[in-house]
Amino acid sequence: MLIISGGMMNKETLERILETWDTMFPDAKCELTHSNPLELLIAVMLSAQTTDAAVNKVTPALFEAYHSAKDYACADINDLQRYIKRIGLYRNKAKNIQAMCQVLINDYQGVVPSVMEELIDLPGVGRKTANVVLADAFNIPGIAVDTHVTRIAKRLKFCYLKDNVGTIEKKLRKKIPQDRWIKSHHQMIFFGRYHCKAINPHCYECPLIDICREKNKKLKRN
């Protein structure tokens, strides 16, 4: 039996949630356009406080202009900024990308590492970004906790409302079978992005509404 705030999550409830996600989003996957670990790492860094769709609009030209860590490290910072200026915080993101690539060259022969501790030591790379890279570039199980995952974990009572991202990640890892971490992570993002939205969630057609912590508040609004 899994003890959670607001009640108990038994095995049957967990299986129901996972089966629902399988039905709703069987093909959920990373929506950031990339073709190698470096491109994925840069795309995830660019996605902070902006949408994947916005990132995908700027990365084709960016990835055409720069191919290796050395290309980014040696780029004129103004030129690098020009490629990504349509997304938020582009100056700081350009700075972090260049600094990150310089470390890749100095410490990793220009290759993106596949170890959590090494990834989070890179400039501009936190645990969420590292988990995405490990999962989608190297198929290493992980659960990246972004705003969507946080919202879903709290609404479906995987965690307490007050829990921070680190605690949420630990609880999701404990409750969801490891062989589903990557799949469930993407399904949680899709569930939050397209169904259980922060604003105007699709409560009336939600198959998990009876589990939701906010069901009474959300339904009253509608």
Side-chain angles (χ1 to χ4, degrees), residues 29-151 164-170 172 181-182 185-186 188-189 192-193 198:
K29 62 181 180 180
C30 179
E31 293 189 301
L32 289 168
T33 301
H34 66 281
S35 61
N36 57 59
L38 179 61
E39 288 185 355
L40 176 60
L41 175 53
I42 290 172
V44 180
M45 292 174 70
L46 290 174
S47 70
Q49 298 184 47
T50 190
T51 65
D52 288 1
V55 173
N56 288 338
K57 290 179 181 179
V58 304
T59 49
L62 178 70
F63 295 158
E64 180 66 25
Y66 306 106
H67 302 100
S68 67
K70 183 177 180 180
D71 290 339
Y72 289 97
C74 297
D76 179 278
I77 192 66
N78 293 317
D79 189 53
L80 184 55
Q81 290 177 4
R82 180 173 60 84
Y83 282 98
I84 63 173
K85 67 180 182 179
R86 285 186 289 167
I87 62 175
L89 306 174
Y90 72 93
R91 290 187 179 86
N92 191 54
K93 290 176 181 179
K95 179 182 177 181
N96 283 336
I97 288 171
Q98 189 163 72
M100 179 274 293
C101 286
Q102 289 170 346
V103 174
L104 289 185
I105 292 171
N106 293 335
D107 297 345
Y108 302 103
Q109 294 76 51
V111 177
V112 176
S114 58
V115 177
M116 171 64 76
E117 291 73 20
E118 294 176 348
L119 282 168
I120 60 178
D121 275 343
L122 297 173
V125 178
R127 189 171 180 87
K128 183 204 80 172
T129 297
N131 267 318
V132 174
V133 173
L134 290 174
D136 291 301
F138 302 107
N139 200 36
I140 296 174
I143 300 177
V145 181
D146 65 358
T147 56
H148 296 299
V149 173
T150 295
R151 182 170 66 258
N164 59 32
V165 294
T167 301
I168 292 170
E169 181 185 343
K170 290 177 182 178
L172 289 172
W181 285 358
I182 297 176
H185 159 247
H186 288 305
M188 289 183 80
I189 291 176
R193 182 177 290 164

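This structure is a prediction, so every number in the text was calculated from the model and none was measured. This chain uses plain numbering: 1 for the first residue, then up along the sequence.
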Sorted by chain and number, sequence neighbours left out, side-chain hydrogen bond (donor to acceptor under 3.5 Å, both in side chains) with H186 holds for D136
d(E39 CD, L32 CG) to nearest 0.5 Å is 11.5 Å
Scanning both residues in full, the closest heavy-atom pair of V132 with A144 reads CG2-CB, 3.5 Å
So the side chain to side chain donor-acceptor pair (under 3.5 Å) pairs with at least one residue in residues 108-127 (sequence neighbours excluded) are R127-E169
Here the pair of heavy atoms bringing G142 nearest to N131 is CA-OD1, 3.9 Å
Those residues at least two apart in sequence (or on a different chain) that pass side-chain hydrogen bond (donor to acceptor under 3.5 Å, both in side chains) with Q98 are none
Q: Indicate yes or no: at least one non-hydrogen side-chain atom of D107 is less than 4.5 angstrom from one of P113.
A: no
Sorted by chain and number, sequence neighbours left out, side chain to side chain contact (heavy atoms under 4.5 Å, CB included) with P123 holds for A99, M100, V103
Between G110 and A69 the two heavy atoms that sit nearest each other are O-CB, 3.9 Å
Quick note, salt bridge (Lys or Arg N to Asp or Glu O under 4.0 Å) partners involving residues 60-82, not counting sequence neighbours, are D79-R82
(Q) Can a donor-acceptor pair be found, under 3.5 Å and without considering hydrogens, that links the side chain of K93 to the backbone of G88? (A) yes
Residues at least two apart in sequence or cross-chain that pass side chain to side chain contact (heavy atoms under 4.5 Å, CB included) with N106, listed by chain then number, are none
Please tabulate, for side-chain N and O atoms in residues 40-59, each donor-acceptor pair with protein atoms closer than 3.5 Å (sequence neighbours left out).
from: S47; atom 1: OG; to: V44; atom 2: O; distance (Å): 2.7
from: T51; atom 1: OG1; to: A54; atom 2: N; distance (Å): 3.1
from: D52; atom 1: OD2; to: R193; atom 2: NH2; distance (Å): 3.2
from: N56; atom 1: OD1; to: T33; atom 2: N; distance (Å): 2.8
from: N56; atom 1: OD1; to: T33; atom 2: OG1; distance (Å): 3.3
from: N56; atom 1: ND2; to: E31; atom 2: O; distance (Å): 2.7
from: N56; atom 1: ND2; to: D52; atom 2: O; distance (Å): 3.4
from: T59; atom 1: OG1; to: V55; atom 2: O; distance (Å): 3.2

CG of D146 to CD1 of I189, rounded to nearest 0.5 Å, is 4.5 Å
Hits for ring-ring contact (aromatic ring centres under 6.0 Å, His included) against Y66, two or more places apart or cross-chain, chain-then-number order -> Y72, Y83
Heavy atoms of I120 and A130 approach each other most closely as CG2-CB, 3.8 Å
Between L104 and V111, the two heavy atoms sitting closest are CD2-O, 3.6 Å
A135 meets the side chain to side chain contact (heavy atoms under 4.5 Å, CB included) criterion, sequence neighbours left out, with I182
Taken to the nearest 0.5 Å, the spacing of W181 CH2 from I143 CD1 works out to 6.0 Å
Smallest heavy-atom separation, L80 atom then A94 atom, equals CD2-O, 3.6 Å
For H148, the side-chain hydrogen bond (donor to acceptor under 3.5 Å, both in side chains) test, sequence neighbours excluded, returns R151
Applying side-chain hydrogen bond (donor to acceptor under 3.5 Å, both in side chains) to T167 and not counting sequence neighbours gives N164
